[in-house]
Amino acid sequence: MANRVLHSLGSGLNQARNRVRAQGLAVCTSRGLAASNHRQGEDSWFKSLFVRKVDPRKDAHSNLIAKKETSNLYKIQFHNVKPECLDAYNKICEDVLPSIHADKHYPCELVGTWNTWYGEQDQAVHLWRYDGGYPALTEVMSKLRQNKEFMEYRNERGKMLLSRKNQLLLEFSFWNEPVPRKGPNIYELRSYQLRPGTMIEWGNYWARAIGYRQENSEAVGGFFSQIGELYMVHHLWAYKDLQSREDTRNAAWQQEGWDECVYYTVPLIQHMESRIMIPMKSSPLQ
């Protein structure tokens, strides 16, 4: 009798031990799976910080925001002149640049030429338009190398400069085409260095915003870079004087929607610069 009781107790203990082991294994397994799932979730979240979905565009950004009806290419030049040479520099520019602009042999036009008044001092800014895009630019550059007067001008100009740089630009589809205008005017060139990948956003917002800045015909042209400093945007404005500029810009804030444009475009900007410029005597934009 006693043996049967002991055997029954032993069997019960073994069964209890087995149940405990099984429950422990299940708990460990559950915890392991939970920990594994948690780690995978953390890994997935961490990877999401660095992996972005590719926007499936089938066209270059420049083709989406540039004018389709023209094949114009623009070049903007920034020349930093030795202070003592500025008058002589302006004189040789006025003697040579208009002749290239007027010569039908060259498929290019001088849109405007200025001296910076406020901003970087002793600086000249030239804006050229090439009718026909890159082939027109190549043709003009090739012909100018054969132009004795231009080569003499370039050699003389080089003695007067501290530094120079240029950019090749396309024009935004929603901006005005720059055309000659009578003066006197001052011009503001607002240059924006955008965060890479944000040009389409900028274009989308400004396609609406430009409507708020047309009442006084202050909008001259809007461009974005193709070669040179990339993700650069240049907006060119004309005003009668500095007070007119102030009044016009303040008036924009009274129009519903302008504040929204500023709110959404400011985060796209890495750096911005404003130049107030005075036209040279030979500039078509006066």
Side-chain angles (χ1 to χ4, degrees), residues 66-67 70-117 119-171 177-185 187 189 191 220-221 223-230 232 234 236 238 275 277-286:
K67 274 190 170 68
T70 67
S71 57
N72 292 332
L73 178 71
Y74 290 81
K75 178 172 69 176
I76 192 167
Q77 299 171 300
F78 300 96
H79 291 172
N80 292 319
V81 185
K82 296 175 183 177
E84 67 274 14
C85 297
L86 188 60
D87 289 340
Y89 172 90
N90 288 345
K91 179 65 168 59
I92 64 171
C93 287
E94 291 166 2
D95 289 344
V96 176
L97 300 187
S99 64
I100 298 172
H101 167 79
D103 193 337
K104 301 302 181 184
H105 187 62
Y106 298 97
C108 66
E109 300 172 79
L110 182 63
V111 176
T113 180
W114 304 269
N115 287 130
T116 299
W117 184 22
E120 195 159 356
Q121 297 293 280
D122 304 308
Q123 185 181 71
V125 180
H126 309 292
L127 182 63
W128 292 87
R129 176 168 51 223
Y130 297 87
D131 185 11
Y134 292 108
L137 172 69
T138 302
E139 179 183 349
V140 170
M141 294 298 101
S142 177
K143 288 179 176 178
L144 285 178
R145 283 193 289 268
Q146 310 303 317
N147 185 323
K148 182 179 178 181
E149 181 185 25
F150 177 80
M151 294 306 292
E152 290 175 354
Y153 151 79
R154 193 173 74 167
N155 290 337
E156 191 65 24
R157 182 192 68 186
K159 301 173 186 177
M160 304 178 183
L161 298 183
L162 294 171
S163 64
R164 60 192 180 102
K165 69 175 182 178
N166 59 23
Q167 296 169 3
L168 294 181
L169 314 171
L170 296 178
E171 55 187 333
E177 181 83 11
V179 295
R181 66 170 66 195
K182 296 179 180 180
N185 294 295
Y187 289 82
L189 182 66
S191 301
V220 178
F223 315 92
F224 59 98
S225 63
Q226 284 290 280
I227 295 178
E229 291 180 87
L230 298 180
M232 284 293 301
H234 300 287
L236 184 61
R275 292 175 175 85
M277 308 184 301
I278 303 297
M280 292 188 190
K281 293 178 182 178
S282 57
S283 177
L285 285 170
Q286 283 296 315

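We count residues from 1, following the sequence as given.
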What residues, two or more places apart in sequence or in another chain, satisfy ring pair (Phe, Tyr, Trp, His ring centres under 6.0 Å) together with Phe223?
Tyr74
Residue set satisfying ring pair (Phe, Tyr, Trp, His ring centres under 6.0 Å) with Phe150, at least two apart, ordered chain then number -> Tyr153
Return the set of residues passing side-chain hydrogen bond (donor to acceptor under 3.5 Å, both in side chains) with Ser282 (not counting sequence neighbours), or none when no residue passes.
none
Heavy-atom closest pair, residues Leu127 and Ile76
CD1-CB, 4.0 Å
Please output the side-chain donor-acceptor pairs of residues 132-142 that fall under 3.5 Å, not counting sequence neighbours, one pair per line with the distance.
| unit_1 | atom_1 | unit_2 | atom_2 | d |
| --- | --- | --- | --- | --- |
| Thr138 | OG1 | Tyr134 | O | 3.1 |
| Glu139 | OE2 | Lys143 | NZ | 2.6 |

Just list the side-chain donor-acceptor pairs under 3.5 Å for residues 83-101, sequence neighbours left out, or say none.
| unit_1 | atom_1 | unit_2 | atom_2 | d |
| --- | --- | --- | --- | --- |
| Tyr89 | OH | His79 | ND1 | 2.6 |
| Tyr89 | OH | His126 | NE2 | 2.7 |
| Asn90 | OD1 | Asn115 | ND2 | 3.3 |
| Asn90 | ND2 | Asn115 | OD1 | 2.9 |
| Lys91 | NZ | Asp95 | OD1 | 3.3 |
| Lys91 | NZ | Asp95 | OD2 | 2.8 |
| Ser99 | OG | Val96 | O | 2.5 |
| His101 | ND1 | Leu110 | N | 2.8 |

Name all pairs fulfilling the salt bridge (Lys or Arg N to Asp or Glu O under 4.0 Å) condition that reach into residues 156-165, sequence neighbours left out, sorted by first residue then second.
Glu156-Lys159, Lys165-Glu229
Going by the rule side-chain hydrogen bond (donor to acceptor under 3.5 Å, both in side chains), which residues pair with Ser225 if we only count those two or more places apart in sequence or in a different chain?
none
Can you give me the closest heavy-atom contact between Gly228 and Gln167, atom names plus distance?
CA-CG, 4.4 Å
Any non-hydrogen side-chain atom of Lys82 less than 4.5 Å from a side-chain atom of Asp122?
no
For Gln121, all residues meeting side-chain hydrogen bond (donor to acceptor under 3.5 Å, both in side chains), sequence neighbours excluded
none
Under 3.5 Å donor-acceptor, Gln286 side chain and Met280 backbone
yes
